[in-house]
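In what follows, chains carry the letters A, B, and so on, assigned in the order in which the sequence lines appear, proteins first and then strands, with residues in each chain numbered from 1.
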Protein chains: 2
Amino acid sequence: MGNVSERRKQPPQVGVSVVILALGPVPQSDVGAGAASSGMGSTLWMPLVKRVRQPFLGQWALPGGGLRADHSLEQSAYAALESTTSLHPKYLEQLYTFGDPARSHGGLPMVSIVYWALVGEADGRIDFAGGDNVKWFPVNHLPELAFDHRTIVEYAMNRLRGKIESPDIATRLVGERFTLSQLHDVYEAIAGQRIDLANFRRKMLASGLLEDTGEKLRIGRNRPAAVYRYSRKPGTDLWTEAGTASESDDTRIAFQDDDALSALMTA
Amino acid sequence: MGNVSERRKQPPQVGVSVVILALGPVPQSDVGAGAASSGMGSTLWMPLVKRVRQPFLGQWALPGGGLRADHSLEQSAYAALESTTSLHPKYLEQLYTFGDPARSHGGLPMVSIVYWALVGEADGRIDFAGGDNVKWFPVNHLPELAFDHRTIVEYAMNRLRGKIESPDIATRLVGERFTLSQLHDVYEAIAGQRIDLANFRRKMLASGLLEDTGEKLRIGRNRPAAVYRYSRKPGTDLWTEAGTASESDDTRIAFQDDDALSALMTA
DNA sequence: TCAAAAGTGTTAAATCTACACCCATGC
DNA sequence: GCATGGGTGTAGATTTAACACTTTTGA
């Protein structure tokens with residue numbers, strides 16, 4: 001295996017990891033009260049896997065795996081995703097690549113290309129209890145993580161908060177049909193701040209991205225709320241469905257930061 | 001070297017490339033008219049290197065190199081930068097990681113971690129003519145590029161356009177001292193649109209990020225303009241100087257997308 | 001005095017924000 | 001009726017966009 005000074009000039013290992021986020025109930029509290037299944041006071045959850053080898057044996061880590069030369073990055077991310085949940089991601093995007101030699105902490109030098117994924121709430125189909133080696137945690141009650149995965153998660157959360165202004169990102173989390181209050185809950189959950197409901201509602205509706213399905217949904221015993229759907233304008237649709245990870249992941253990069261400078265523009 | 005099916009399971013090669021951008025004069029035209037050196041109608045330029053081996057021998061490509069296990073990503077990016085220009089970058093940030101097996105086009109499978117860098121105009125110290133193996137090109141007149149580097153450059157430009165709303169990014173391009181018109185030029189150059197000067201001026205000043213050095217600068221033979229400096233508020237300074245690539249590149253990631261959702265917030 | 005760029009004013013429209021208010025429903 | 005969340009109205013403040021205007025300079 002060569003000695004140390006040889007190894008230094010070698011390329012490092014390459015892996016792909018995924019930060020997976022899903023909407024779930026608030027941790028240890030009011031689930032009791034009658035309500036059907038979804039709604040009120042959501043929190044973000046993410047699955048972690050228990051390490052089965054050194055270093056950090058037994059600790060929790062992000063799902064991931066080595067990169068094979070004949071797989072695209074996105075394919076690898078997708079594979080990692082499937083190792084923890086059978087749900088199809090509503091969103092999958094490259095987050096950042098971490099490659100500092102120091103981060104391996106006793107393991108081999110490793111470059112990790114990290115993706116983040118959103119999977120919808122999917123009507124409680126997520127098993128938040130989880131098995132032995134995979135377990136879901138609320139993002140604000142994570143256990144100690146292996147390597148620098150804590151940093152990575154924090155980065156992902158920040159990015160999520162930053163991205164929320166794009167209206168569809170939240171709708172991907174909340175599910176196919178939703179009331180404005182539910183959507184509002186998600187926004188507050190992600191932002192960690194209060195958002196004026198009246199203004200939120202208006203802004204959302206004004207964006208023209210929501211479509212009123214005729215339906216009504218009664219959450220508790222109160223007035224039924226209108227149920228909306230995210231109306232995917234044909235063509236505006238960069239992403240459609242993350243599941244179809246068939247095309248090259250290089251050619252349809254989301255130019256997410258676009259039109260940010262519209263602020264400075266003048267006709 | 002093993003056969004093909006063995007190779008597939010191997011990890012791919014890992015490299016780091018850099019898209020380097022600098023402000024320069026407009027290509028082939030009105031440089032003649034008297035004016036001192038800088039000003040009016042700038043364009044973005046970038047250096048490319050000529051490939052000295054197959055595939056794509058003789059074609060132009062982004063500066064870059066292999067990643068050594070004992071180097072951080074940023075160190076590698078920095079090294080690539082130095083191979084084409086002696087200027088210190090004013091900005092250096094990870095752009096994206098490209099890893100589709102198809103992109104190698106006959107070479108070995110390769111994962112490229114791409115950074116982008118801004119180097120200031122530096123008062124014409126850039127040799128836009130360049131040597132044999134390194135040459136600067138205006139971004140809108142690039143030659144044919146090797147691999148998928150065209151895609152990468154386009155991605156970088158889009159990102160740049162997206163980022164410009166953050167006021168300091170443009171000031172990094174324009175140099176240490178500048179007039180508002182110069183800054184305005186840069187914004188228009190990046191945006192590719194007209195921007196109302198009066199409003200631009202007000203918004204910039206209102207941002208509180210500019211500091212009036214007492215100086216005046218006369219560009220042509222007209223009224224002298226006030227010279228400003230970007231006033232780096234102490235602490236707000238995530239970046240300070242890209243040159244000091246000493247710390248881990250993993251710990252001080254710029255959370256660039258922050259406060260984007262301020263739009264939805266309400267106290 | 002003229003041209004050209006620097007820099008200021010102004011006004012109508014659009015948007016935000018905060019908060020008050022009405023509506024529909026089951027108990 | 002009444003409590004509770006759904007949903008609407010609105011007045012004031014703030015921000016934008018457009019463009020007219022004044023100032024300073026060298027020629």
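When the side-chain nitrogen and oxygen atoms of A:Ser181 are compared with OP1 and OP2 of D:dG6, one or more of them lie within a distance under 4.0 Å. Distances shorter than 4.0 Å separate none of the side-chain N or O atoms of B:Arg218 from OP1 or OP2 on D:dT25.
Residues passing the side chain to side chain donor-acceptor pair (under 3.5 Å) test with A:Arg202 are A:Asn199, sequence neighbours excluded. Listed by chain and number, the residues in a salt bridge (charged side-chain N to carboxylate O under 4.0 Å, His left out) with A:Glu215 are A:Arg177 (sequence neighbours excluded). Among residues two or more places apart in sequence or in another chain, the side-chain contact (heavy atoms from CB on, under 4.5 Å) test is passed with A:Ser181 by A:Thr179. Evaluation of the salt bridge (charged side-chain N to carboxylate O under 4.0 Å, His left out) rule for A:Arg221 yields no partner, not counting sequence neighbours.
Nucleic acid contact class of B:Ala198 (heavy atoms, under 4.0 Å, all strands): base.
Between A:Trp116 and A:Tyr91, the angle of the ring planes lies from 30° to 60°, which puts this pair in the tilted group.
In this structure the side chain of A:Leu62 never reaches within 4.5 angstrom of the side chain of A:Val18, judged on heavy atoms.
Between the side chain of B:Arg202 and the base of C:dG9, a donor-acceptor pair under 3.5 Å is found.
A straight line from NE2 of B:His184 to P of C:dA6 spans 10 Å, rounded to a whole angstrom.
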Return the polar atom pairs (N/O with N/O) between nucleotides 21-24 of chain C and the protein under 3.5 Å, or none.
unit_1: C:dC23; atom_1: O2; unit_2: A:Arg223; atom_2: NH1; d: 2.8

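Comparing atom distances between the B:Asn199 side chain and each of D:dG7, D:dA17, C:dA6 picks out D:dA17 as nearest.
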Quiz item: Reading DNA chain C 5' to 3', what string of ( ), [ ], | and . shows its pairs, if Watson-Crick and G-U wobble pairs count only when both distances fall under 3.5 Å?
Solution: |||||||||||||||||||||||||||
